[in-house]
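Okay, so here's the structure we're looking at.
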Amino acid sequence: MLTPYAFLYALPFFLLACFLLYWAGARHAYTRRPEAAPADPTAFTWHFFVPCRDEETVIGTTVAQLRADFPAGHVWVVDDDSDDATAAVVTALAADDPHVHLVSRRRPDARVGKGAALNSAYAALNAYLPEDTDRDRAVVCVVDADGRLAPDALARVSGPAGFGDPDVGGVQVSVRMRNVDEERPPLPERGRLANAAARLLVRMQDMEFAVSNAGMQLLRGRTGSVGLGGNGQFTRLTALDHIAAAERRPWQRDALLEDYELGLHMILGGYRIAHIADTHVSQEGLPRLRRFLTQRTRWAQGNLQCVRYAPRIVASRHYSGRGVLETLYTFMQPLAHVATLVLSVLLLGAVVLGGSMRDAFLGAWPLILALCALSVLPFVAWGPLYRRDVAPGRSRLTGLLWGLALWLYAYHVFVVSARGFLRLLRGRNGWAKTRRNAEAVGTGPVATEA
């Protein structure tokens, strides 16, 4: 006979089973991934969109790197009404280089989100291109203002796993943290312990993207539901045209995850998205906890916004059954985290207050211990893979310790999911840009932090 606590017992098993199934698929996809063969990138024309808001500390280096490594490409820098010298830096670069373009935005239309800035670049590109342009061979790549594309990136995404396949409308490459092995203290104003914690936070971000998220994306490649990210996102211009015709614009203006939503629209439009793990784009890992939580809260809230696409995805003939399940699972992650948090509080309260619930809880300690082990081991198992593929010079023990740290790091999802859910309930949908590491607090205009 079912007790009033049956739901409290069943939900953890269900959520853990979903997690383990997803983790097993991601790990298998990562360890069995085929190499993405390169091809000649001159078969395509390349346009790099770099959205900027108060990015004078990094934008000059980013543009210089793109122009040096990919001299045939055009760089379109969108200045979203910056309060600093971003526009002046880009203007000086454009004066000496016809492949550098400045797209200027002004308030009140500016500073309303990354999607709106990217749409401005799309409009500027359309105005620039001749009418006889082969738009199927034109590729747009979104790079963050602090992004650095690997030199082989264009060759990899041009190959048969990428735009060499005419059905592919978008390609996402892996993301790495460029400052993971930086020797200088990430928090120069703080002590050794704080700097050690900051370095570990950056390491966990690199580990998360290099293996865990890469495995997830490679699994999505098998389910037909690869997501696009905000950095290292490649899209065929004809795919953007198709979305713009259906949705009035390629990127959604009010979206907190405009990159992921673009991927949803692309798949709904009949295009395939590929993930290529054999090349990458690097960015700055965030050593400051507040900035990190600001960024991840925006991602969690943006994920919740995507739930509105569920009916269209379920009804779409372009999503397979596996793709529907994977996408809905992704949508529901923040809600599952909030539910788990609430459930944990209820269980703790029931144990503290005593009664039959406490007796049942204490009597089931072997099962609870097994559940805890099953929750920890999948994270720990990523550690040796990360050490093998990214840091082979480190010891095996270090790899295991990194895996254990990844488990502890993963608990941030409960904090940011709760924050994102509360922001959504309160109608706070503003786009909060994260400060760059080079921006010293109190020395000038910086991005708003939530």
Side-chain angles (χ1 to χ4, degrees), residues 46-70 73-80 82 84 86 89-90 93 100-103 105 111 113-122 139-151 153-154 157 170-180 202 205-206 208-210 213 227-235 250-251 255-263 279-288 291-292 294-296 298-299 302 431-439 446-449:
W46 305 92
H47 299 272
F48 301 98
F49 286 4
V50 187
C52 291
R53 196 177 97 188
D54 304 327
E55 302 283 14
E56 67 170 290
T57 59
V58 294
I59 188 57
T61 303
T62 298
V63 173
Q65 183 266 334
L66 288 171
R67 291 295 300 122
D69 289 347
F70 316 111
H74 287 257
V75 180
W76 299 80
V77 179
V78 185
D79 173 40
D80 206 22
S82 297
D84 64 3
T86 296
V89 171
V90 179
L93 294 171
V100 177
H101 313 268
L102 175 64
V103 181
R105 292 171 53 76
R111 303 175 79 93
K114 188 176 177 181
L118 291 171
N119 287 329
S120 294
Y122 172 74
V139 177
V140 168
C141 174
V142 177
V143 180
D144 280 354
D146 67 332
R148 305 285 187 275
L149 277 173
L154 302 194
V157 302
V171 176
Q172 178 63 47
V173 300
S174 288
V175 178
R176 296 292 311 279
M177 301 301 122
R178 186 170 57 255
N179 54 333
V180 69
V202 173
Q205 293 168 67
D206 189 56
E208 176 188 21
F209 279 97
N213 283 9
L228 290 175
N231 198 13
Q233 168 198 127
F234 292 82
T235 51
W251 289 273
L256 294 177
L257 283 185
E258 84 297 323
D259 42 18
Y260 186 70
E261 290 196 23
L262 178 72
T279 190
H280 67 274
V281 62
S282 67
Q283 63 189 43
E284 292 181 329
L286 299 175
R288 298 180 185 273
R291 300 180 187 186
F292 173 78
T294 294
Q295 179 194 70
R296 298 309 175 93
R298 183 175 76 243
W299 293 0
W431 195 85
K433 173 188 170 292
T434 311
R435 295 174 188 253
R436 299 296 176 203
N437 295 337
E439 295 175 344
V446 291
T448 301
E449 293 187 271

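Numbering starts at 1 and runs along the sequence shown. This structure is a prediction, so every number in the text was calculated from the model and none was measured. Scope of the values below: all heavy atoms of this structure, side chains included, with no hydrogens, waters or symmetry mates.
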What is the distance from atom [atom1] of [X] to atom [atom2] of [Y], rounded to the nearest 0.5 Å?
X	Y	atom1	atom2	result
Asp146	Asn231	CG	CG	6.5 Å
Leu102	Ile59	CG	CD1	9.5 Å
Ser174	Asn213	OG	CG	9.0 Å
Glu55	Thr62	CD	OG1	8.0 Å
Gln283	Gln205	CD	CD	8.5 Å

So, [X] and [Y], do they make that salt bridge, N to O below 4.0 Å?
X	Y	answer
Arg105	Asp79	no
Asp54	Arg111	yes
Glu208	Arg176	no

Nearest heavy-atom neighbours spanning [X] and [Y]:
X	Y	value
Pro151	Asp69	CG-OD2, 4.3 Å
Cys52	Ser82	O-OG, 4.0 Å
Val78	Ala117	CG1-O, 3.5 Å
Asn179	Gly285	OD1-N, 2.7 Å

* Who are the ring-ring contact (aromatic ring centres under 6.0 Å, His included) partners of Phe70, not counting sequence neighbours? ->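 Expected list: Phe48.
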* Results of ring-ring contact (aromatic ring centres under 6.0 Å, His included) for Trp46 - residues two or more places apart only -> Phe44
* **Working for side-chain contact (heavy atoms from CB on, under 4.5 Å), residues Thr235 and Leu228** => CA-CA 9 Å; Thr235 51; Leu228 290 175; 4.0 Å; yes
Any [X] side-chain heavy atom under 4.5 Å of [Y] side chain:
X	Y	value
Asn119	Pro250	yes
Asp144	Val50	no
Val142	Trp251	yes
Val103	Val77	no
Arg178	Glu284	yes
Arg67	Val75	yes
Arg291	Thr294	no
Phe209	His280	no

* Asked: Does the side chain of Ser282 pick up a donor-acceptor pair with the side chain of Arg148 at under 3.5 Å?
  ->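 Side-chain D/A pair, Ser282 to Arg148: absent.
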* To do: Quick one: do Leu149 and Phe234 satisfy side-chain contact (heavy atoms from CB on, under 4.5 Å)? Show the steps, please.
  => CA-CA 12 Å; Leu149 277 173; Phe234 292 82; 4.1 Å; yes
Are the side chain of [X] and the backbone N or O of [Y] linked by a donor-acceptor pair below 3.5 Å?
X	Y	answer
Asp206	Met177	yes
Lys114	Asp259	no
Gln233	Val143	no

* Asked: With Glu261, which residues qualify under side-chain hydrogen bond (donor to acceptor under 3.5 Å, both in side chains), at least two apart?
  -> Arg308, Tyr309
* Ring geometry between His47 and Trp76 (parallel below 30°, tilted from 30 to 60°, perpendicular above 60°) ->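 Geometry flag for His47 against Trp76: tilted rings.
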